[in-house]
Amino acid sequence: MKPLLHIALKSAWNRRLTLGLTLLAITLSVTLLLSVERIRQAARDGFAQSVSGADLIVGARGSPLQLVLYAVFNVGEASNNVGWQSYQAIAADPAVAWSVPLALGDSHRGFPVLGTTPAYFDHYRYGERQPLRFTAGQPFNGLFDAVIGAEVAAKLGYQLGESITLSHGSGPLPGLAHADKPFTVVGILAPTGTPVDRRVHVSLAAIEAIHLDWQGGAPIPGVAIPADMVSKFDLQPKTITAFLLGLHQRSAVFRLQRKIADYRGEPLLAVLPGVALDQLWQTVGVVEKALLGISWLVFAVGLAGLAAVMLASLNERRRELAVLRSVGAGPRHIVFLLVLESLFVTLLGVALSLAVVSVAAWLGGPWLAARFGLSTLPLAVSPGELRLLAGIFAASLLVSLWPAWRAYRLSLADGLIPRL
Amino acid sequence: MSTPALLVRDLEFRWPGDDSFCLRLPNLAVNRKNSLFLYGPSGCGKSTLLNLIGGVLVPQAGHIELLDQPFSQLSASRRDAFRADHLGFIFQQFNLIPYLSVLDNVLLPCRFSAQRAKRVGEPEAEARRLLAALDLDPALLGRPAAELSVGQQQRVAAARALIGQPEILIADEPTSALDAERQAAFVELLLSEARRAGSAVVFVSHDLRLATHFDHSLALAP
Ligand SMILES: Nc1ncnc2c1ncn2[C@@H]1O[C@H](COP(=O)(O)OP(=O)(O)OP(=O)(O)O)[C@@H](O)[C@H]1O
Ligand SMILES: [Mg+2]
């Protein structure tokens, strides 16, 4: 088979234009397949990594999925708040080991601001139940202290002691600023690969303080309470957005969930994060499957193109194949030659698309993570992708057998003398 | 007494689907280092016979012996290997792989047959010698075969058929694309190189004028 390698390469080079275009089609379609798979995986990993720790997430009654999305992933907004009294009543249940209130709504240069208590830094868990770590500083203590996530620090180049101001509302467009009450960065968290990296954490009292002279989402005209005066006011929050609960015993989770659902004070909802995520995957699963299906179809088009090019080239290659037979090549050599060529094109296409996807993940990953709360796109090939690549390889091997079989028939019919 | 390089007995061949025989040949023998001129009208089965001798087709009856081996009884892949080791072919046209250089085309049999490569020792030097002996301008050696004239292509094909001194050289109307004057010169060059290589020659043509160059000649009945 060795003499054929040299000939296969020269022959392919001789038809480099058509083969090059086929290679492009294969590369693009495999790139599509790999990207869909990788983003899908990153979404799942990112979501699964972010929710470990809390046994229940509690918020105003509504869609469980929506609750998990805004409370954990900074995606979307709460339709209603939770009263402080309700929070205190439920957190006092004997089954509850710890509780962390969450107040959302403000932002800092596009990064969401989270009002919470120092308990957050003790109880929040990500990935394999890892606790949060500080790379510098400590949890907030003073009223206008802030703790920033790793990405906030990296993106904005913040160090300890940096003075920052928060804006009202969220999203990329800056809302009205709370410029009169600046915060000081007192802690920077280590990277987690979760939405925590993108948060600015302040105390609940601070959230209350910056909204003292506000009403209904806008500053009250003519009223301005300076920063050094706010401590004279009652900074106990009246409402929060949601809260996380950790239990002494997981077995109590359903009882407590029911109790929260039956809570008299206001309509509340408690969800098990894992269950809500399953619901998410059921919803998203259909879209995922559709995307993956479309990607496979595109890949099938690419393979059909490859087969068409190989079949079309057979007409001009009949002489070549007859010459090869006259110098001693058997039909199996001819089959080998054609399979080799198709496989070479697909393997090169797969290699190129792996390179494209890796470069794209490297360049675009942070943006995707920021925009959609995905975990950082993996650079390495996952087991799922390996299965995908094996499928691609098997499919192209099958398809390559078709022109090879035709070449086999032709070379048997032609013998040593090519017919017209 | 020299042994036959090629021996055909009671050969019958019919194309699948045809009801009459395309070829019947009771007896044909070519001794080693001898040359045979085979002629017959167009369509009488000359090329078919060469495909049978090359082992690409198998007869329905009779047998073919090459170099004392029961060739037509060998397996298909053994016949392919035998063809690579012991046979050289030149056809009417389209002998060369267009994108390979002249030199690479000539060296093809040495790539497929270790035996032929061993026999020449230095394949590239031998290829250059053969091409020079066949009157090909050395400047053309690195050119792709597609850029040669038809006459040049036939000489390259002859060099390829002869490299590694195959015991049997088979030529299927190699001169029909050349003009009369160059036909004779080509046949002479081919035969002298075949003598040098010690190859038996089977030369097929419908042009009887060429018969005088050969040791024997035979008419193939339609
Ligand atoms: N692949 C094939 N399938 C069926 N019949 C064939 C095939 N090849 C050749 N034939 C038939 O076999 C007969 C002999 O063909 P062949 O090519 O051997 O003739 P030839 O003597 O070489 O003619 P020419 O001098 O024109 O080259 C013809 O009648 C042809 O129709
Ligand atoms: Mg013929």
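Convention: sequence-line order gives letters A, B, ...; per-chain numbering from 1.
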Shortest non-hydrogen separation from A/R332 to B/S77 and the atoms involved = NE-CB, 4.2 Å
Can you see which heavy atom on A/G328 is nearest to which on B/A84, and at what distance?
-> CA-CB, 3.6 Å
For [X], is it the side chain, the backbone, both or neither that has a heavy atom under 4.5 Å from a heavy atom of chain A?
X      : value
B/F91  : side chain
B/L96  : backbone
B/S113 : neither
B/R160 : side chain
B/D172 : side chain

Determine, stepwise, if the pair B/F94 / A/R318 fulfils side-chain contact (heavy atoms from CB on, under 4.5 Å).
-> CA-CA 10 Å; B/F94 311 137; A/R318 282 176 89 160; over 6 Å; no
Are there over 12 heavy-atom neighbours, none belonging to [X], within less than 6.0 Å of that residue's [atom1]?
X      : atom1 : value
B/Q60  : CD    : yes
B/F21  : CZ    : yes
A/W281 : CH2   : yes
A/R319 : CZ    : no
A/W402 : CH2   : no
A/R406 : CZ    : no

What residues form a salt bridge (Lys or Arg N to Asp or Glu O under 4.0 Å) with B/R196, not counting sequence neighbours?
-> none
Applying side chain to side chain donor-acceptor pair (under 3.5 Å) to B/S176 and not counting sequence neighbours gives B/Q92
When rounded to the nearest 0.5 angstrom, what is the spacing between [atom1] in [X] and [atom2] in [Y]?
X      : Y      : atom1 : atom2 : value
B/I90  : A/S326 : CD1   : OG    : 10.5 Å
B/Y99  : A/I7   : OH    : CD1   : 6.5 Å
A/L416 : B/L57  : CG    : CG    : 8.0 Å

Side chain from CB out, backbone as N, CA, C, O: work out which of these in A/R325 comes under 4.5 Å of a heavy atom of chain B, or both, or neither.
-> both
Structural part of A/A329 lying under 4.5 Å from a heavy atom of chain B | both
Would you find a donor on one side and an acceptor on the other, under 3.5 Å apart, between the side chain of B/R111 and the backbone of A/H6?
-> no
Taking B/N95 for the side chain and A/V323 for the main chain, is one N or O donor matched with an acceptor at less than 3.5 Å?
-> no
Candidate pair A/K10 and B/D104, rule salt bridge (Lys or Arg N to Asp or Glu O under 4.0 Å), full reasoning = CA-CA 11 Å; A/K10 292 240 171 164; B/D104 277 338; 3.3 Å; yes
Side chain to side chain, B/L100 and A/N14, heavy atoms closer than 4.5 Å | no
Would a 4.5 Å heavy-atom cut-off, applied to side chains only, mark B/F89 and A/V327 as touching?
-> no
